[in-house]
Amino acid sequence: MAKNKKHTPPSTDLLRRYVAGTLSPMEQHQLEKAALQNQQIDDTLEGLQALKAANLDENAALEDLNQRLRQRVRKSERKFLPYYYASAAAVVLTVGLSWWLIQKEGVPEADSVTSAIAVEKERPALKPESAPVPIVSQPPRLNAPMTASRKPSLSKPSAASQIRESTDAEKVQQAEPPVPNLALEEKENEIVVPPTVPEAAQTQDAQQLVAAKPKMFIQSRVAAPAPVQSTQDLDTVRLVSTKTKQATQVINGAVAALPQGRAKKENVFVLKGKVLDAVTKEPLPGVTLTPQGRSQGATTDVEGKFVLSNVQKNDQISVSFIGFQTVQMTVKDSLVAPILLQQDNRELSEVVITGYGKNKPTNREAIPKNGQKSYENYLKTLAAAFIAQNPQTPQGRVVLQFLVNPSGELSDFENKNKANLVLFEEAMRMVKSGDAWNPPLKNGQPEVGKVRLVIRFE
Amino acid sequence: MFLKLFRRKTTLTDTEYLSEYRRTGDLTSLGELYERHMDMVFAVCFKYLRDDEEAKDAVMQVFEQLISDLKTHEVQNFKSWLHSVARNYCLMQLRQKRVTVGDEGIFENEAYENFVAEPPEKEDWELDNQLSDLGDCLQILAQEQRRSVELFYFQQLCYQQIAEQTGFAINKVKSYLQNGKRNLKLCMEGKQNG
């Protein structure tokens with residue numbers, strides 16, 4: 001038994017019995033020995049003893065803890081649960097993306113315009129139903145029909161883009177079956193008609209259309225998924241489109257004449273999103289969102305949601321909340337993924353009060369530009385060179401005094417120790433041709449300074 | 001003993017739970033595993049923090065830490081690893097609060113190094129030497145430490161009995177033992193190294 005104990009650490013139950021005092025002395029000894037060797041046991045034991053000493057009910061605390069733990073686990077489970085949300089989001093995303101791609105590629109322009117007219121005439125109420133979420137004024141979607149209509153020469157799409165359209169079209173059908181089907185039917189109906197309709201009538205329609213610019217244009221964009229229902233449909237549409245070429249060209253002209261400024265205006269959109277705690281994934285209310293360079297921002301509501309108007313693509317928005325790290329994000333789309341904020345665990349640092357002395361002396365002696373040291377070296381080497389060149393001159397030292405005026409000029413050289421004139425002349429020459437001097441400063445102002453140098457010619 | 005066997009068969013072992021969690025990231029399995037050891041974690045946290053609400057919060061915080069740490073760490077002995085995680089967390093809390101705890105030995109680990117569980121394969125003469133060294137070293141120890149060590153390790157008494165026999169306070173016995181053990185170890189190492 002004793003040997004066994006050494007290898008299998010005592011269970012917490014055993015420790016509890018120890019604390020309760022129901023163990024035999026031998027068992028107590030074994031346990032104490034184990035505790036002396038193993039800090040985990042020791043800590044647990046001391047904790048249990050402390051609990052007993054504090055007269056706390058361990059079971060109640062553990063019960064509470066169990067509940068909290070389960071809650072915690074369940075909370076994150078809930079997060080994993082709604083797969084259908086995720087899948088719905090994925091479908092919407094793919095649809096939106098593929099649609100956008102198609103529009104960007106430049107769907108055969110005649111098709112989109114004709115079908116747009118078709119839907120427009122028959123069902124003006126189509127918009128709200130068929131609009132997938134991201135429809136709110138997306139610049140690319142606006143531009144696509146416009147640019148397409150500006151180059152009518154490109155009337156046939158490439159084989160590749162046809163294939164893409166057909167696959168994408170399937171996705172569209174999956175995602176939103178009811179409405180596009182309607183649109184499809186109507187389009188078919190309409191398509192049969194055009195050849196027999198007099199061209200004049202078509203043109204008139206088109207003109208009316210253009211007259212109703214803003215509203216209608218959005219609707220025609222809404223109807224855009226219709227042409228990509230299937231390749232077959234595409235073919236029929238294209239067939240028709242050649243027949244109604246004249247009419248469409250009139251429309252094209254009209255559309256091209258649309259004021260260009262509107263495209264710019266459409267770039268401004270409304271940004272909606274959500275802010276969550278990065279760890280707990282809980283919504284954060286009261287988070288401030290500030291677009292850079294503007295004063296008006298937004299804050300999140302109780303559910304962590306925000307709506308930020310007047311946003312443009314590539315705007316910088318800073319997301320900040322007390323106790324969390326501030327995030328900078330760049331706007332790419334009117335829809336953003338939930339913004340996750342990391343908790344800021346920094347402690348408030350202690351306040352350090354530092355007294356700063358003035359780091360620039362306002363008073364200063366006159367000094368050589370490159371410093372005292374290099375100047376001394378310069379004088380030494382020159383003096384030595386002079387002696388070497390003129391061995392016959394008597395050696396000695398020169399005490400040279402001169403003035404440095406505020407602009408750094410040197411004047412009033414004096415031979416203070418009445419040294420040999422040759423040496424004095426040489427010393428003067430050395431100083432004059434040496435480093436320039438900085439004038440002395442008094443209260444930051446340069447003034448005249450007196451300098452005394454001792455130069456040894458030895 | 002039986003309980004242990006029974007458990008192993010019906011439920012997963014710690015290691016199985018761990019690999020399960022690392023594979024799936026499923027919090028339920030981690031939660032079940034944690035529930036097993038929560039009494040230990042709670043006791044440890046209470047030992048350091050001395051407040052049941054704080055200890056409870058600490059237990060939950062340690063769990064949060066596990067969620068992230070266990071994804072990256074390979075843990076061999078979960079229980080002792082968990083203990084050190086909990087202990088470090090509590091010490092960090094205390095450090096942040098700048099509270100000094102009067103309990104001696106909290107910050108020293110050496111007292112817990114294996115002293116008794118020496119590798120047994122020693123030559124006889126070596127053992128003899130060690131035993132005589134031990135005798136010498138015991139004489140060096142302070143009176144209280146020597147008595148505690150003798151009664152505890154030689155006569156295998158428990159703290160309670162030692163306290164009764166010697167009249168020492170029961171919590172003093174423990175610190176005498178810890179310090180005596182450490183001094184003995186230092187003394188023995190000194191002798192062995194000359």
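Below, read A as the first sequence line, B as the second, and so on, with proteins coming before strands; counting in each chain starts at 1. Computed over heavy atoms, backbone and side chain alike; hydrogens, waters and symmetry mates excluded.
Options Met40(B), Lys79(B), Lys56(B) differ in how many heavy-atom pairs under 4.5 Å they form with chain A, and the most are formed by Lys56(B). Here Asn66(A) is the residue among Asn66(A), Leu23(A), Leu45(A) with the most heavy-atom pairs under 4.5 Å with chain B. Annotation: maximal heavy-atom pairing with chain B below 4.5 Å, among Leu48(A), Leu51(A), Thr44(A), occurs at Leu51(A). If you tally non-hydrogen atom pairs under 4.5 Å between each of Leu30(B), Asp39(B), Val44(B) and chain A, the highest count goes to Asp39(B). Chain A forms the most heavy-atom pairs under 4.5 Å with one residue out of Met38(B), Gln161(B), Glu32(B), Gln160(B), and that residue is Met38(B).
The side chain to side chain donor-acceptor pair (under 3.5 Å) test with His83(B) singles out one residue from Asn38(A), Asp42(A), Asp43(A), and that residue is Asp43(A). Only one option out of Leu289(A), Leu308(A), Asp315(A) pairs with Leu271(A) in a side chain to side chain contact (heavy atoms under 4.5 Å, CB included); it is Leu308(A).
The CD atom of Glu35(B) lies 10.0 Å from the CG atom of Leu62(A); values are rounded to the nearest 0.5 Å. Atom NZ of Lys281(A) sits about 5.5 Å away from atom CG of Leu340(A), to the nearest 0.5 Å.
Both the backbone and the side chain of Ala61(A) come within contact range of chain B, judged by heavy atoms closer than 4.5 Å. For a residue to count as touching a neighbouring chain, one of its non-hydrogen atoms must lie under 4.5 Å from one of that chain's; by this rule Phe63(B) touches chain A with the side chain only. Only the side chain of Leu56(A) comes within less than 4.5 Å of a heavy atom of chain B; its backbone N, CA, C and O stay farther away. Neither the backbone nor the side chain of Asp51(B) comes within contact range of chain A; no heavy atoms are under 4.5 Å apart.
No salt bridge links Glu32(A) with Lys174(B); every basic N to acidic carboxylate O contact stays at or beyond 4.0 Å.
Using a 30° and 60° split on the angle between ring planes, Phe324(A) and Phe321(A) fall in the parallel class, below 30°.
For residues 25-66 of chain A, the pairs satisfying ring-ring contact (aromatic ring centres under 6.0 Å, His included) are His29(A)-Phe152(B), with sequence neighbours left out.
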